[in-house]
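Presented below is the structure to which this report refers.
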Amino acid sequence: MKLTERDKKVIWHPYTQMKNAEIIGIVKGEGAYLFDESGNKYIDAISSWWVNTLGHSNKYIAEKVSEQMKILEHVIFAGFTHPKAVELAERLLKHLPSDQEKIFYSDNGSTAVEVAIKMAIQYWSNQNIEKKKIIAFRNAYHGDTFGAMSVSGRGVFTDPFKPYLFEVEFIDPPVKGNEETSFNQLKSIVNSGNAAAFIYEPLVQGAAGMIMYETEILEKLVSYCNSNNVITIADEVMTGFYRTGKFFATDYMTEKSDIFCLSKGLTGGNMAFGVTSCNHKIFNAFLSDDKTKTLYHGHSYTANPVACTTALASLDLYEQKECFENVKRIEKKHSEFRDKIKNNPLIKDVRQRGTIIAIELKVEEGTSYLNSLRDKIYSFFIAKKIIMRPLGNIFYVLPPYCISDNDLDYIYKSIEEFLQQLG
Ligand SMILES: Cc1ncc(COP(=O)(O)O)c(C=O)c1O
């Protein structure tokens with residue numbers, strides 16, 4: 001029996017309407033390619049849900065993981081530590097802003113966000129200060145656990161759970177032309193005196209549709225929070241590890257945030273892992289002889305040594321000149337392609353930041369994740385052996401950094417063909 005037939009009997013896939021799901025069975029990965037059970041080779045143009053920065057089945061990472069598995073596979077992280085967790089924290093802190101002080105490990109992007117929210121809420125409650133409101137962008141996406149859903153925009157992903165989500169103060173994202181509105185909304189919530197924290201996806205809002213905004217306005221929003229004692233949380237889960245052209249998207253800014261969330265590229269897409277880092281101010285509010293001030297959060301696999309090793313091996317590769325050169329190469333090619341197609345009458349907007357290029361098609365029925373163009377786009381590119389995952393009428397190329405110029409050119413050419421047959 002084919003893998004996909006066996007799958008159909010026993011598997012429930014994420015973000016998938018199982019009634020008519022068409023699943024492809026992948027049996028091998030290599031660099032920017034994935035191979036299915038019939039021997040078809042696909043270009044992974046979306047880095048497998050934005051995680052695979054360094055290419056599939058990376059031999060260097062595999063070696064390091066294999067060595068670690070024979071030394072120490074896991075140890076409880078409450079009351080114990082191990083070399084890989086400490087080394088990784090030391091090295092991550094070198095990449096994060098200089099005032100970041102402590103690393104808290106968890107399992108994925110959503111848990112990294114949960115931990116950040118809990119740190120922010122308990123920061124105030126530990127000091128008996130009444131500050132409750134969390135500020136977020138209206139169409140944000142921070143994950144699928146309940147806290148992460150609460151700080152995410154309300155919509156098709158969250159609708160069934162609406163009554164169970166805590167209240168959040170949403171402001172408009174500060175896209176071009178909307179900067180002042182966004183700032184004024186934030187200012188008025190902050191001035192109410194009850195704002196506990198502001199969480200944001202820096203410069204690019206991924207799941208919202210690769211919505212992009214400028215550094216200057218983000219700097220202004222974060223700065224206003226910082227100077228008014230509102231905790232700032234940078235969710236770098238998607239943007240981290242060179243995705244936007246710098247190591248972190250917040251590296252474009254000078255204003256610092258209190259808390260950072262990392263995942264996805266943290267392990268180069270090789271293992272589920274999450275990090276929440278914080279500065280001295282946050283950490284200090286949890287130090288006490290009173291045990292109720294403790295951050296009572298942890299997962300069985302917190303700081304798993306194999307996951308830490310995977311992240312360390314990924315850092316080895318990120319820190320090589322070749323990685324940065326690849327990022328700049330993709331960035332340049334993307335921006336040339338953007339200029340080439342930006343006047344196409346079918347395109348509402350084409351935007352680019354670092355290794356991400358997103359194309360938003362004009363539609364009559366309104367921009368939405370459920371837009372019917374989605375399936376058309378997906379099927380067209382699958383037939384071309386390119387893996388895309390459109391967000392409604394918006395599709396994007398967000399490749400592993402090892403992708404070749406030839407493969408990028410093939411993707412661009414296929415996009416032009418798609419536009420041609422659409423028009
Ligand atoms: C900005 C951001 N935060 C958090 C998450 C959640 O990460 P995960 O899917 O690993 O739970 C995502 C996932 O796409 C994301 O883009």
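Remember, it's 1-based here, ligands and their atoms both numbered in the order they're listed. In this chain, residues are counted from 1 in sequence order. Just so it is clear, the structure is predicted and the values come from calculations on it, not from any experiment.
Contact residues of ligand 1 (protein heavy atom closer than 4.0 angstrom to a ligand atom; sorted by chain and number): W50, N108, G109, S110, Y141, H142, G143, E201, D235, V237, M238, K264.
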Validation: residues 84-95 side-chain donor-acceptor distances under 3.5 Å, sequence neighbours left out:
| unit_1 | atom_1 | unit_2 | atom_2 | d |
| --- | --- | --- | --- | --- |
| R91 | NH1 | D316 | OD1 | 3.0 |
| R91 | NH2 | D316 | OD1 | 2.9 |
| R91 | NH2 | E319 | OE1 | 2.9 |
| H95 | NE2 | E319 | OE2 | 2.7 |

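Taking T355 as the reference, R243 meet the side-chain hydrogen bond (donor to acceptor under 3.5 Å, both in side chains) condition, with sequence neighbours excluded. For H297, the ring pair (Phe, Tyr, Trp, His ring centres under 6.0 Å) partners are H299, not counting sequence neighbours.
Geometric assessment of K293 against the ring of F286 yields a negative cation-pi assignment under the 6.0 Å and 45° thresholds. For the pair R353 and Y252, the distance from NZ or CZ to the six-membered ring centre is under 6.0 Å and the angle to the ring normal is within 45 degrees.
Proximity of the aromatic rings of F137 and Y213 is defined here by a centroid distance below 6.0 angstrom, and this criterion is met.
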